[in-house]
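Heads up: numbering here begins at 1 and tracks the sequence. The structure displayed is predicted, hence computed values, not measured ones.
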Amino acid sequence: MNETPIGAAVVGTGFGLFTHVRALRMAGFDVRAIVGRDLAKTKARAAPLGIPHATNDLPALLAGDPAIRLVTVATPPHAHAVPVLQALAAGRHVICEKPFARDLAEARTMLSAARKAGVIALLGAEFRYDSAQALLSRVVKSGAIGDPLLFHRIYQQPGEQDEPLADWWTDAAQGGGFLGAFGTHMIDQVRATVGEIAAVSAILRKLSPGRPTMTSDDYYNVQLRCANGCVAVIEAAMCLPGPFAMGTRVAGTAGAAWIQSGAAFGEPEQVWVQDAQGARALPMPHELVNPAPEPFPVSELIQTEMDRWHTQGFDVAPYAKLFGQARALILDQPTPLPDPAADFGDAAAGQAVLDAARTSAGAAQWITVEQI
């Protein structure tokens, strides 16, 4: 990297601090500032990571520092729109976390503003660059298993029922719930691997009696009909007693492909294919290999259950790849990987699926997804 590092500002002192800052630096960005609501708290959290500026005023920051070309937004979903629109109004490139918005109307507003600004606007769908997920998507899109017929993704973790959650997680009106926080990754994986989603049937449940104030879901089972005829089932539980379970499989007209986990969570995953030649593990392309996760180094900043998840470091390397894609797009250079990053169009399309799933769960019927 011979160019002068691109300046970046991170909005959000939780996930933004734990993941965005580390991944931006890995991707060659100069993290010049972090933005939070509470100025004193923001300064205290910025100091251990050596972030030069801490502020609670994003427009003033951008007006005073033209070296900041990228703004990443890692606030709770109900607080995405304001900083995103402020950054776009200032002509900055933006990467916004998921869940993207409170609803599709708000998502459309941000998408429209991004298109008018003519800047790079991406969604924080970093697990497109998880090694196994990226390879599985490549295999399916290559036609190696024929036309996809079924996509199946399951994730069940034992969890704890009394660990503190961020406020927005417990409040459906703020975009809370496991479907929004985690299911958006699965929805994006379906769209990126097998195609656009046309209709949804969903079940949302709360399974954690130890969280009496939680009004949103911590379990979901969502069936999806894709426009190309493929069907998908995604299921996840944040707190389900019993052993940890995780798996992804895709069946097609000429075979199947799946992600096979190691003997224990955290061990390397493999992608397998079964076709007329039999079943076999595929070698991981060198450009998709991610380094082992490293825990966040400042333990006193870890305060909630989500902090504990995010500070394990599993999403830092995939996020560094996403930021590497963004860096190339900003510099108008070829991207390091051929796998496209999710943009605001993808973000709005995913939000349409999310809204349809919530409507479906309330009405107990199939809901057609609004197309973007």
Side-chain angles (χ1 to χ4, degrees), residues 6 8-12 15-16 19-20 23-24 27 29 35 58-59 62 68-129 137 175 179-181 183-193 195-197 227 315 318-319 321-332 335 337 339-357 369-372:
I6 297 172
V10 175
V11 182
F15 185 69
T19 298
H20 283 210
L24 282 164
F29 285 86
V35 183
L58 178 61
L62 298 180
I68 296 174
R69 299 177 62 188
L70 172 68
V71 175
T72 74
V73 177
T75 58
H78 65 278
H80 284 172
V82 169
V84 165
L85 295 175
Q86 289 173 339
L88 293 172
R92 288 350 194 251
H93 308 289
V94 178
I95 297 179
C96 181
E97 264 304 322
K98 35 59 53 195
F100 186 53
R102 284 177 290 191
D103 53 38
L104 182 56
E106 191 172 72
R108 289 184 186 276
T109 297
M110 290 189 281
L111 172 60
S112 176
R115 287 175 172 170
K116 290 178 181 177
V119 298
I120 305 302
L122 303 179
L123 177 69
E126 76 273 22
F127 288 115
R128 287 194 179 199
Y129 302 105
S137 182
L179 177 64
T184 44
H185 282 301
M186 292 187 179
I187 290 168
D188 184 71
Q189 190 181 359
V190 172
R191 293 186 62 254
T193 303
E196 291 294 341
I197 297 166
D315 41 16
Y319 235 122
K321 281 189 166 64
L322 169 58
F323 287 144
Q325 298 288 93
R327 182 180 182 278
L329 293 171
I330 291 169
L331 295 174
D332 196 23
T335 55
L337 297 171
D339 318 273
D343 60 19
F344 273 23
D346 294 301
Q351 186 69 47
V353 176
L354 194 61
D355 282 17
V369 176
E370 289 190 46
Q371 297 304 300
I372 303 302

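With rounding to the nearest 0.5 angstrom, the CG atom of L104 is 10.0 Å from the CG atom of L354. A distance of 4.5 Å separates CD1 of I330 from CG of L70, quoted to the nearest 0.5 Å. To the nearest 0.5 Å, the span separating CG on L322 from OG1 on T72 amounts to 10.0 Å. With values rounded to the nearest 0.5 angstrom, R191 atom CZ is found 4.0 Å from E196 atom CD. Rounded to the nearest 0.5 Å, atoms CG (D355) and CG (D103) are 6.0 Å apart. Rounding to the nearest 0.5 Å places CZ of F29 at 7.0 Å from CZ of R327.
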Steps toward side chain to side chain contact (heavy atoms under 4.5 Å, CB included) verdict (Q325, L337): CA-CA 7 Å; Q325 298 288 93; L337 297 171; 3.6 Å; yes
Under the side chain to side chain contact (heavy atoms under 4.5 Å, CB included) criterion, do L62 and Q86 qualify, and how do the steps go? CA-CA 9 Å; L62 298 180; Q86 289 173 339; 5.7 Å; no
Apply side chain to side chain contact (heavy atoms under 4.5 Å, CB included) to residues L122 and H93 and explain how you reach the verdict. CA-CA 8 Å; L122 303 179; H93 308 289; over 6 Å; no
Take V82 and L58 through the test side chain to side chain contact (heavy atoms under 4.5 Å, CB included) and record every step on the way to the result. CA-CA 10 Å; V82 169; L58 178 61; over 6 Å; no
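For the pair L123 and F100, the tightest heavy-atom approach, listed with the atom from each and the gap, is CD1-CD1, 4.0 Å. In terms of heavy atoms, A181 sits closest to P99 at CA-CD, 4.1 Å. For the residue pair I372 and A352, the shortest heavy atom distance occurs at CD1-CB, 4.5 Å. Closest approach of V94 to A87, counting heavy atoms only: CG2-CB, 3.6 Å. Across every non-hydrogen atom of P340 and Y129, the tightest pair is C-OH, 3.2 Å. The shortest heavy-atom contact between A125 and A342 is CB-CB, 4.0 Å.
Annotation: Y319 is in aromatic contact with H20 [ring centroid separation under 6.0 Å].
Of the possible polar contacts, none joining the T184 side chain to the K98 backbone as a donor-acceptor pair under 3.5 Å is found.
Residues K321 and P318 form no side-chain contact, since every pair of their non-hydrogen atoms from C-beta on lies 4.5 Å or further apart. By the 4.5 Å heavy-atom criterion applied to side chains, R102 and H80 are not counted as neighbours.
The existence of a salt bridge linking D188 and R128 is confirmed by a sub-4.0 Å separation between a basic side-chain nitrogen and an acidic carboxylate oxygen.
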